[in-house]
A.B. asks: 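I have a structure I would like to understand better, so I am pasting it below and will then ask my questions one at a time.
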Amino acid sequence: QVLPGEWGAGAGGSLACGQPALAALSDVAPMCFVALPGGEFLMGSDVKEAGRFDDEELHIARVDSFAIGTHEVTVSQWRIVVGDSPYCESPCSEDLPVHNVSWNDACMFMVKLTERENIARQGFGLPPLTQCYTASDHTWTWTDRGCTGFRLPTETEWEYAARAGTTTPYFFGEGPEGLCTYANGSDCKDGYPRLAPVGKFTANAWGLHDSIGNVAEWVWDWYQANYEALPSTDPVGPTTKPSPEYRVFRGGSWYIPAT
């Protein structure tokens with residue numbers, strides 16, 4: 001989930017969970033964010049990189065400043081914001097990442113979270129956030145690109161945040177050695193045969209946890225194999241539905257090997 005850049009400054013500048021703008025959840029299930037500066041980076045992977053797929057063309061991409069959640073949304077946070085209990089693997093725990101939710105569900109969460117935070121902001125005399133998405137024909141449309149409310153990151157924003165300023169195949173180095181320190185994967189003997197509570201594994205240099213393990217994460221974009229067809233600055237994926245129609249999810253999962 002993404003916040004407007006006004007709520008922080010500088011890479012690694014974590015926003016306090018008790019910020020007035022997040023007061024609606026601060027007393028029950030705080031959400032923490034890290035503010036990231038805009039910049040450019042190499043997105044994709046080198047042709048010589050092990051495990052590379054053909055659609056990972058290496059290219060320069062640029063993003064504006066934004067703030068992003070440091071942890072995956074938890075079962076507890078989902079229940080509080082949405083008002084019902086999501087599917088939860090047994091044994092269930094409130095601090096597990098929410099899972100088995102669709103892209104439409106994730107967008108709905110952002111809309112409801114924005115609504116909830118606006119109630120809290122009103123109490124603090126703060127201006128309301130503007131919604132990013134509107135419901136349209138059983139899906140969601142990003143109607144206001146200048147919105148200040150919560151939204152999914154774009155694929156480019158997600159990779160920029162996950163790489164945390166690095167250029168190596170992994171954000172912690174050239175090879176997969178030690179990967180299970182940072183990720184919950186199916187081959188990691190970490191005491192978590194399936195899901196793990198959020199934040200149990202070491203964060204990247206910008207303070208983001210679980211980007212390469214635990215559960216895969218939805219981003220805004222439609223899938224497109226050819227990056228060259230997209231703008232290099234703040235791309236948001238294809239503007240019309242491709243064929244076949246797929247939304248993108250990124251990151252690793254407990255279900256697949258971390259290596």
A.B. asks: Not counting sequence neighbours, list each pair that qualifies as a side-chain hydrogen bond (donor to acceptor under 3.5 Å, both in side chains) and has a residue in residues 31-45.
C.D. replies: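 Residue pairs with at least one partner in residues 31-45: Glu40-Arg62, Ser45-Arg52, Ser45-Glu56.
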A.B. asks: Please say yes or no: joined through hydrophobic side-chain contacts below 4.5 Å, possibly via intermediate residues, are Phe33 and Val81 part of one cluster?
C.D. replies: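 Yes, it is one cluster - the side chains of Phe33 and Val81 are joined through contacts under 4.5 Å.
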A.B. asks: Is it true that Asp95 and Ser93 share a donor-acceptor pair across their side chains at a distance under 3.5 Å?
C.D. replies: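 There is such a pair (donor and acceptor under 3.5 Å, judged by atom type) between the side chains of Ser93 and Asp95.
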A.B. asks: When hydrophobic residues are tied together by side-chain contacts of less than 4.5 Å, even through go-betweens, does Trp142 share a cluster with Leu113?
C.D. replies: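 Yes, same cluster.
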A.B. asks: Measuring centre to centre across the rings, with the benzene-like ring taken for any Trp, is Trp220 within less than 6.0 Å of Trp103?
C.D. replies: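 So the answer is yes for these two rings.
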A.B. asks: Show the numbers, then the answer: is there a side-chain contact (heavy atoms from CB on, under 4.5 Å) between Cys132 and Asp144?
C.D. replies: CA-CA 5 Å; Cys132 299; Asp144 180 6; 5.9 Å; no
A.B. asks: How long is the span from the CG atom in Leu129 to the CD atom in Glu115, to the nearest 0.5 Å?
C.D. replies: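 Result: 11.5 Å between the selected atoms.
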A.B. asks: Could you pull out all residues at least two apart from Glu94 that satisfy salt bridge (charged side-chain N to carboxylate O under 4.0 Å, His left out)?
C.D. replies: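 Testing Glu94 for salt bridge (charged side-chain N to carboxylate O under 4.0 Å, His left out), a comparison that skips the adjacent residues, returns Arg79.
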A.B. asks: Using ring centroids (six-membered ring only for Trp), state whether Phe109 and Trp78 fall under 6.0 Å.
C.D. replies: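 When the ring centroids of Trp78 and Phe109 are compared, they turn out to be within the sub-6.0 Å range.
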A.B. asks: Does Phe171 have its ring centroid less than 6.0 Å away from the ring centroid of Tyr182?
C.D. replies: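 Judged by ring-centre distance (under 6.0 Å), Phe171 and Tyr182 do meet the cut-off.
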A.B. asks: So, taking the atom named CE in Met108 and the one named OH in Tyr133, what distance separates them when rounded to the nearest 0.5 Å?
C.D. replies: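 Reported to 0.5 Å precision, the distance equals 13.0 Å.
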A.B. asks: Regarding Thr202 and Thr181, do their side chains bring together a donor and an acceptor under 3.5 Å, going by distance alone?
C.D. replies: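 No, no side-chain donor-acceptor contact under 3.5 Å.
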A.B. asks: How long is the gap from CG on Leu195 to OG on Ser253, to the nearest 0.5 Å?
C.D. replies: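 Going from CG on Leu195 over to OG on Ser253, the span is 7.5 Å.
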A.B. asks: Roughly how far, to the nearest 0.5 Å, is OG1 of Thr166 from CZ of Phe172?
C.D. replies: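 Result: 10.0 Å between the selected atoms.
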A.B. asks: With clusters defined by side-chain heavy atoms of hydrophobic residues (ILVMFWY) lying less than 4.5 Å apart, directly or transitively, does Val98 cluster with Phe150?
C.D. replies: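 Result: yes, single cluster for both.
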A.B. asks: How many angstroms lie between CH2 in Trp140 and CG in Asp105, if you round to the nearest 0.5 Å?
C.D. replies: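 One gets 10.0 Å once the value is rounded to the nearest 0.5 Å.
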A.B. asks: Mind checking what makes ring-ring contact (aromatic ring centres under 6.0 Å, His included) contact with Tyr87, not counting sequence neighbours?
C.D. replies: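 Partners of Tyr87 by the ring-ring contact (aromatic ring centres under 6.0 Å, His included) criterion, ordered by chain and then number, come out as His99.
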A.B. asks: To the nearest 0.5 angstrom, please state how far the CG atom of Leu208 sits from the CG atom of Leu36.
C.D. replies: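 If I round to the nearest 0.5 Å, the distance is 7.0 Å.
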A.B. asks: Under a 4.0 Å threshold between the charged nitrogen and the carboxylate oxygen, would Glu157 count as salt-bridged to Arg151?
C.D. replies: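 Salt bridge flag = yes for Glu157 with Arg151.
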A.B. asks: Between Trp206 and Tyr160, does the ring centroid distance fall short of 6.0 Å?
C.D. replies: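 Ring centres of Tyr160 and Trp206 closer than 6.0 Å.
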A.B. asks: Using the six-membered ring of Trp218, assess whether NZ or CZ of Arg247 lies under 6.0 Å from its centre and within 45 degrees of the ring axis.
C.D. replies: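 Pair Arg247/Trp218 does not count as cation-pi.
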A.B. asks: What's the shortest heavy-atom distance between Thr148 and Pro128, and which atoms?
C.D. replies: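 Where Thr148 meets Pro128 most closely, the heavy atoms are OG1-O, 4.3 Å.
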A.B. asks: Restricting to non-hydrogen atoms, name the atom on Leu96 and the atom on Cys88 that form the minimum distance, rounded to 0.1 Å.
C.D. replies: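 Scanning both residues completely, I find the closest heavy atoms to be CD1-SG, 4.2 Å.
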A.B. asks: With side-chain hydrogen bond (donor to acceptor under 3.5 Å, both in side chains) as the test, would you mind laying out the steps for Tyr192 and Asn214 before giving the verdict?
C.D. replies: CA-CA 10 Å; Tyr192 300 106; Asn214 220 8; over 6 Å; no
